[in-house]
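Right, one structure below, let's go through it.
These numbers come from the heavy atoms of this one structure, side chains and all, not from hydrogens, waters or symmetry mates. Note that this is a predicted model, so its numbers are computed, not measured. Just so you know, ligand 1 is whichever comes first in the structure, and atom 1 is the first atom listed for that ligand.
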Amino acid sequence: MAKKRLVVGNWKMYMDDPREAREFFLGLRKRARGMSGIEVWLAPPYVLIPEAVEVLESSPVEVGAQALSSHADAPHTGEVSGTMLKWAGASFVIVGHSERRASGEGEASVREQLLRAAEAGLAPVLCIGERERGAEGEHFSDIEDQLSSALKNSAKGAMKKLVVAYEPVWAIGKRAEDAMKPQDLQQMVIFIKKTLAELLDRKMALKVPILYGGSVEPANASELVKESGVSGFLVGHASADLEQFLAILQACK
Ligand code: PGA
């Protein structure tokens, strides 16, 4: 049986009015009811997680976080642990987003965050992506390196809930016409599946959903999901606009 498609909304800092956020949650709850055949996850900023959980509790939408601390011990000012996210009602967390990698998060930290997410029982959405495409296919080795440093020798079982989000950095935060083309994405999806099969237990690797992120909008969602072999999307700017987000969900049904 075909697995459900998965769409994750990454709000970043797009929504800064709590009243608007509440309206969004209420609207999503109402309109997500008819969305069978698709999983919907939403990652608002930390401060909006409790409210999102409260409003969306009786809906099929799962709530998660955009990041978590790589540290297991307490003296780290400003950090939020996986355990705290779990208390707040989160069920997943985005790990290693390129915007965080660009502000200093290294491979070791990404690896630690994956462990912290697994310890807390959160599904990690591991982001990988090349900064640019090389004429000689160098981007494939960038992806292999990122997957390998994040997942190599990870304990069997720790990655049971793993989701991989392939987000080429050059395609993030633009418009649909600047996103990756389905044929190129299809090649990359095959490459990621092959790499995961080498790094993880083979059976487990086959189950890992592979999402695409980078300027997914209603205009390109349908073509991308139908022609590339991805399991769904990680959506940034378009996920903070209810009508656009719903149109993307509709395209994935
Ligand atoms: P975008 O962001 O959809 O705005 O390109 C995607 C992401 O960074 O997760």
| Any idea which of E167, Q66, E217 brings a heavy atom closest to atom 6 (C) of ligand 1? | E167
| field | Enumerated ligand 1 atoms positioned under 4.0 Å from heavy atoms of G214 | value | 5 (O)
| request: Mind checking the CD-OG spacing from E107 to S149? Nearest 0.5 Å is all I need. | output: 3.5 Å
| Student check: side-chain heavy atoms of R22 and E51 closer than 4.5 Å | yes
| query | Quick check: does S215 get an N/O under 3.5 Å from an N/O on ligand 1? | reply | yes
| task | Answer with side chain, backbone, both or neither: which part of N10 has a heavy atom less than 4.0 angstrom from an atom of ligand 1? | result | side chain
| query | So which protein heavy atom does atom 5 (O) of ligand 1 come closest to, and at what separation? | reply | G173 N, 2.6 Å
| request: Among all protein heavy atoms, pick out the one at the shortest distance from atom 4 (O) of ligand 1; state its residue, atom name and that distance to 0.1 Å. | output: H237 ND1, 2.6 Å
| In terms of atom number and element, which parts of ligand 1 are under 4.0 angstrom from non-hydrogen atoms of L234? | 9 (O)
| message | Taking only non-hydrogen atoms of G213, do any sit less than 4.0 angstrom from ligand 1? | response | no
| Donor on one side chain, acceptor on other, Q244 and H237, under 3.5 Å | no
| Enumerated ligand 1 atoms positioned under 4.0 Å from heavy atoms of H97 | 7 (C), 8 (O), 9 (O)
| note | Which of F25, W41, F245 passes ring-ring contact (aromatic ring centres under 6.0 Å, His included) with W11? Answer is F25
| said: To check your reading of the model: name the closest protein heavy atom to atom 2 (O) of ligand 1, its residue, and the distance in Å. | reply: K12 NZ, 3.2 Å
| remark: A student checking ligand 1 against G236 at a 4.0 Å heavy-atom cut-off should list atoms 1 (P), 2 (O), 3 (O), 4 (O), 6 (C)
| query | So, S109 and Q113: side-chain donor and acceptor under 3.5 Å apart, yes or no? | reply | yes
| message | With a 3.5 Å distance limit and no angle check, can you tell me whether Y46 reaches the backbone of L85 through a side-chain donor-acceptor pair? | response | no
